[in-house]
Protein chains: 2
Amino acid sequence: MRHNAVMLELAILGFLHDAPLHGYELRKRIAALTGHVKPVAESTLYPAIKRLEKAGLLARRTQPGAGAAPRHVLTLTPEGQAELRRRLAHPADVDITDENRWFTVLAFLRHLDDPPAQAEVLERRMAFLRQPSSFFYEGDRPLRAEEVEDPFRRGILTIARATGQAELSWLRRTLDTLRAATDD
Amino acid sequence: MRHNAVMLELAILGFLHDAPLHGYELRKRIAALTGHVKPVAESTLYPAIKRLEKAGLLARRTQPGAGAAPRHVLTLTPEGQAELRRRLAHPADVDITDENRWFTVLAFLRHLDDPPAQAEVLERRMAFLRQPSSFFYEGDRPLRAEEVEDPFRRGILTIARATGQAELSWLRRTLDTLRAATDD
DNA sequence: CGACAATACATCGTTGTCGATGTATTGCGT
DNA sequence: ACGCAATACATCGACAACGATGTATTGTCG
C-alpha cells in the first residue's frame, strides 16, 4: 500500500465511523482536516473510496442527489470498523514521525475506544519526540543549534525544539488522564 | 512534476550548492535532514539524480570508488544554481504550508543570497500561519478548541496553536534582522 | 576464515497521485 | 436569457515512489 494512501484511507474510515457520508461531503471534511496543509485532489479521493469498497470495508447506497448527480452514501461495514481500529492501534512508523500523518491518527484515535491501546500509541510518539533529532552534520558530528551559523537553519532547530516541548507536555498530561481512567 | 519530487530535488540541488557530492553521501545528508520524519528510499534518490542530470542541472564525473563501486561525483551546473535560486524564491503553496517541505525550503534558503527575496518567502509562511486554521466543523461552523470534546482532537488544536506561536515569534525576529540588513 | 555490514549504484514492476477533462443538474446573480 | 459557481461523480494518461532484488568491493568482527 502506498504511503499517502494509508492516511487518506484512515481519514475516510474515520469520518465514516462518525456518520454515513457521500463522497463530496467526505471531500470537504478531509479538506478541513488536512487541506490547508496539503490538499487532496478529487481524482485521488474517488479511487480511494473504490479501493475500500472493493476490500469490503465500506458499502454504498445510491440516493437521488439533492442538488446534482446521484449521491453515493457511504457506510462503514463491520469489517471497516475493525480495520479502522486495527490501523489506529498499530500505525506504521511514518505515521508516528510525520506530523501530518500523526495529526490524522490523532484526529480519529478516540475511535480506538481503549485507553491502554490509545496510551500505547501516544507513547510511541513521545519516544520519537524524546530522541534528540539532529538535522545537520559536520562530517559525522551532529551540530547543536548554537553551532549553526545560518539563521534559517537555526530557525529549524529553534522551531523544532519549541514545538517538541509543547507537544511533549500535552502528551504527558493526556497520558496521565488516560492512565487515571484505566485505574478506576 | 510530482509533489514529493519537488522537495527531494530541492534538497539535492541545495546540498550540491555547498559542495560536490556523490549519490551515497547525498543520501546520508538527506536522511539527516528529513529522514527521521520521512525517510527517502534509495530507489527514489537515484532516479531523481538522473532527472536533474537529464535536465542539465547537474553534471557527474565518475571516480574510482574509495570503498566499493565507482563513485559518481555530482556537481551543480550554472543552470542548476539558477534553478535552485528560482525554486527558493518562488516555492509552490504546498511548500509553504506543509511543514516538511517548509523545513526543506528553510534549510537552503540562505542560498538565495538576497535578503528582500528571503523576507518575501518568510512573509508567505507568516501569512499562512496567521490565517486561523479550523480543523473541525459542526455543519458549516468551525469549532474552537474549547468546543471540541475529544481530548485527542483538542490536542491537535493545542499543539497547532503552540507551534504556530513559536514559529511566528521566530519569523518576526528574523524578518526584523533581514530588514535591518537591507536598510544598511 | 567466513560471515556480515557498509559502500555505491542500478533496474523493474506495482501502485498511488494528480491534472485534465467530461457529464449532468440546481440555483444565483445581472 | 445567459453564464457561472456549486454540487456530485467518473475516467484517463503520465509519472513519481517504493520495495525487491541484483552486483561488486572493502573492511571488520569473531
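Not measured: the values here are computed from a predicted model. Quick note on labels: first sequence line is chain A, next is B, and so on, each numbered from 1.
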Would you say A:Arg27 and A:Val40 make side-chain contact, with heavy atoms under 4.5 Å?
no
Applied to residues 100-122 of chain A, the ring-ring contact (aromatic ring centres under 6.0 Å, His included) test, sequence neighbours excluded, yields A:Phe15-A:Phe108, A:His17-A:His111
Is A:Tyr46 close enough to D:dC9 that one of its side-chain N or O atoms is under 4.0 Å from OP1 or OP2 there?
yes
B:Glu25 CD to C:dT7 P, straight-line distance once rounded to whole Å
9 Å
Atom pair distance, as rounded to whole Å: CD in A:Glu9 and C1' in C:dG16:
10 Å
Could you measure the distance from the CD atom of B:Glu120 to the NE2 atom of B:His90? Nearest 0.5 Å is fine.
7.0 Å
In degrees, rounded to 10°, what is the bend between the two ends of the helix from C:dC1-D:dG30 to C:dT30-D:dA1, using five pairs at each?
30°
Side chain of B:Arg51 (C-beta onward), nearest among D:dA8, D:dC18, D:dA16
D:dA16
A:Glu53 CD to D:dA10 C1', straight-line distance once rounded to whole Å
13 Å
Regarding C:dG19, can its base be found pairing with the side chain of A:Ser43 as donor and acceptor, where the two atoms are less than 3.5 Å apart?
yes
Nearest to the side chain of A:Ala41 - D:dA17, D:dC9, C:dG19?
C:dG19
Output side-chain donor-acceptor pairs under 3.5 Å for residues 148-155 of chain A, partner residues at least two apart or in another chain, one line each.
{"from": "A:Asp150", "atom 1": "OD1", "to": "A:Phe152", "atom 2": "N", "distance (Å)": "3.1"}
{"from": "A:Asp150", "atom 1": "OD2", "to": "A:Arg153", "atom 2": "N", "distance (Å)": "3.4"}
{"from": "A:Asp150", "atom 1": "OD2", "to": "B:Arg110", "atom 2": "NE", "distance (Å)": "3.4"}
{"from": "A:Arg153", "atom 1": "NE", "to": "B:Ala107", "atom 2": "O", "distance (Å)": "2.8"}
{"from": "A:Arg153", "atom 1": "NH2", "to": "B:Ala107", "atom 2": "O", "distance (Å)": "3.2"}

Using whole Å, report how far NZ of B:Lys54 lies from C1' of D:dC15.
12 Å
Take the protein atom CZ of B:Arg71 and the nucleotide atom C1' of C:dA6, then report the distance between them rounded to whole Å.
12 Å
Counting only side-chain heavy atoms from C-beta out, which of D:dG19, D:dA8, C:dA10 sits nearest to B:His72?
C:dA10
Which comes earlier along DNA chain C counting from the 5' end, the contact point of A:Ala48 or that of A:Glu42, where each point is its nearest nucleotide?
A:Ala48
Protein-nucleotide distance (B:Lys38, atom NZ; D:dA17, atom C1'), rounded to Å:
8 Å
Which whole-number value in Å describes the distance from A:Leu74 CG to D:dA10 P?
9 Å
For A:Asn100 against A:Asp98, the heavy-atom pair lying closest together:
N-OD1, 3.0 Å
Hey, which of these two, B:Lys50 or B:His22, hits DNA chain C nearer its 5' end, going by closest nucleotide?
B:His22
Give the nucleotide from the list D:dC9, C:dC9, D:dA16 with an atom nearest to the side chain of A:Tyr24.
D:dC9
Only one of A:Glu9, A:Glu79, A:Arg51 clears side chain to side chain contact (heavy atoms under 4.5 Å, CB included) with A:Leu57; which?
A:Glu79
Using atom CG of A:Asp98 as one end and atom P of D:dC18 as the other, report the distance to the nearest whole Å.
12 Å
Could you go through the salt bridge (Lys or Arg N to Asp or Glu O under 4.0 Å) check for A:Arg86 and A:Glu83 one step at a time?
CA-CA 5 Å; A:Arg86 224 185 42 78; A:Glu83 178 66 16; 3.0 Å; yes
